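Before any comments, here is the structure.
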Amino acid sequence: MDLVRTATAAGVTTVTLDSPANRNALSSQLMEELLDALTEAQNDPAVRAVVLTHTGPVFCSGADLKETAKAKEGARVPAELLADVLSELWEFPKPVVARLAGPARAGGLGLVAAADIAVCTRAATFAFSEVRLGVIPAVISATVLPRLSSRAAAELFLTGDVFDGVRAAEIGLVTRAVEEDALDATVAAYRDSLVRGGPLALAGAKQLLRRVPSDSIKDELAELSEQSAGYFRSDEGVEGVAAFREKRPASWVPSAADG
């Protein structure tokens with residue numbers, strides 16, 4: 001049985017974690033299927049953005065502990081495969097929006113942090129529960145720590161306490177926390193905005209967000225100026241400027257988002 005489903009419409013692939021029986025735990029099968037879904041979306045030029053969502057009341061409960069307990073000595077445990085998933089999400093060249101209608105725990109927070117935009121309900125709950133299991137949030141720290149203030153990270157990593165969507169937004173783990181009846185409309189608004197961006201420009205903007213600044217501001221600005229000029233001179237940049245001046249959608253905007 002497939003644990004990840006995909007559907008594509010109007011330039012957006014929706015990737016759904018579909019293993020509600022174990023609260024969408026990060027089993028090897030689910031993560032391998034998630035990697036396959038991301039590869040397919042990346043290779044499809046018609047796909048402009050990805051929405052990562054879930055079935056059932058829980059977004060993701062973290063690593064599959066049953067599978068972990070059964071792993072033989074020397075065998076790869078699910079937490080190790082999670083590193084591949086987080087790397088793929090973090091470096092994915094197209095925007096990723098996480099949609100949470102329910103709780104996330106442990107490794108599931110790594111998925112949330114790896115997404116470019118994350119929207120949850122105000123009532124959704126979160127916890128870095130690893131220390132209460134005698135382990136640490138090592139793998140997910142790669143995506144989580146760049147999002148959080150150091151004080152919030154210390155509090156939540158060390159206590160394992162549960163916090164709600166409002167707090168998650170305040171500390172930067174998610175982009176927005178909204179009422180349950182506004183969740184889908186908020187995600188749709190982000191989705192519709194994202195597909196209006198040029199594909200190459202979106203990928204370039206994501207690289208800027210991951211950029212490590214140079215020690216020299218002069219060298220930094222010289223390099224960035226060259227990049228900017230290259231985008232303006234590109235076919236995509238020329239079309240984007242022309243579309244703006246002519247007050248029409250750019251050629252890359254999916255027809256369903258023209259309005």
Side-chain angles (χ1 to χ4, degrees), residues 4-18 24 34 37-38 41-42 44-60 89-90 92-104 108-109 111-126 143 146-147 164-210 236 239-241 243-244 247-259:
V4 174
R5 294 186 290 105
T6 62
T8 301
V12 177
T13 290
T14 299
V15 178
T16 303
L17 307 182
D18 190 19
N24 293 314
L34 178 53
L38 291 172
Q42 179 175 337
D44 186 348
V47 174
R48 310 295 308 293
V50 168
V51 172
L52 179 62
T53 185
H54 61 103
T55 60
V58 176
F59 174 74
C60 179
L89 281 169
W90 188 261
F92 199 69
K94 303 175 183 183
V96 177
V97 180
R99 172 195 174 276
L100 291 82
L109 277 68
L111 301 182
V112 176
D116 300 292
I117 295 171
V119 184
C120 71
T121 61
R122 294 169 65 88
T125 60
F126 304 82
T143 60
R147 304 295 190 194
D164 64 15
V166 175
R167 179 82 193 284
E170 290 173 348
I171 63 177
L173 179 63
V174 302
T175 311
R176 291 184 63 184
V178 299
E179 296 296 341
E180 184 176 356
D181 59 4
L183 179 62
D184 289 333
T186 304
V187 171
Y190 279 121
R191 178 195 67 206
D192 293 345
S193 292
L194 290 170
V195 298
R196 294 180 182 276
L200 297 179
L202 288 170
K206 288 194 63 167
Q207 290 177 354
L208 284 179
L209 292 168
R210 311 288 191 257
E236 185 174 287
E239 162 62 10
V241 171
F244 177 81
K247 296 181 173 55
R248 60 172 174 80
S251 60
W252 58 73
V253 180
S255 58
D258 285 353

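Every value quoted in this text rests on a predicted model; they were computed, and no experiment measured them.
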List in chain and number order the residues that pass salt bridge (charged side-chain N to carboxylate O under 4.0 Å, His left out) with [X], two or more places apart in sequence or in another chain; answer none if no residue qualifies.
X    : result
R147 : none
R5   : D18
K94  : none

So, for [X] and [Y], which heavy atoms are closest and what is the spacing to 0.1 Å?
X    : Y    : answer
I117 : Y190 : CD1-CD2, 3.8 Å
E236 : A201 : OE2-N, 2.8 Å
A113 : W90  : O-CZ3, 3.7 Å
F126 : G165 : CE1-CA, 3.8 Å
V47  : A41  : CB-O, 3.6 Å
A104 : F59  : CB-CD2, 4.0 Å

Results of side-chain hydrogen bond (donor to acceptor under 3.5 Å, both in side chains) for [X] - residues two or more places apart only:
X    : result
T121 : none
T14  : none
R99  : T53, D184
R122 : E179

Throw together a table of side-chain donor-acceptor distances under 3.5 angstrom for residues 168-176, partners on residues two or more places apart or in other chains.
from, atom 1, to, atom 2, distance (Å)
T175, OG1, A118, N, 2.9
T175, OG1, A118, O, 3.4

Is there a side-chain contact between [X] and [Y], using heavy atoms and a 4.5 Å cut-off?
X    : Y    : answer
V4   : T16  : no
V195 : V12  : yes
L52  : V97  : no
L109 : T143 : no

With sequence neighbours left out, what residues match [X] under side chain to side chain contact (heavy atoms under 4.5 Å, CB included)?
X    : value
P93  : Q42, A203
D116 : P95, V96, K206, R210
E239 : A243, R248, A250, S251, W252
A182 : V178, T186

Discussion item. Quick one, L89 with V50, criterion side chain to side chain contact (heavy atoms under 4.5 Å, CB included). Give me CA distance, side-chain angles, the key distance, then yes/no.
Written reply: CA-CA 10 Å; L89 281 169; V50 168; over 6 Å; no

Worksheet entry | Step-by-step side chain to side chain contact (heavy atoms under 4.5 Å, CB included) determination, V15 to V51 | CA-CA 6 Å; V15 178; V51 172; over 6 Å; no

Worksheet item: Counting N and O atoms only, with roles assigned by atom type, does the side chain of H54 sit under 3.5 Å from a partner on the main chain of A101, one being a donor and the other an acceptor?
Response: yes

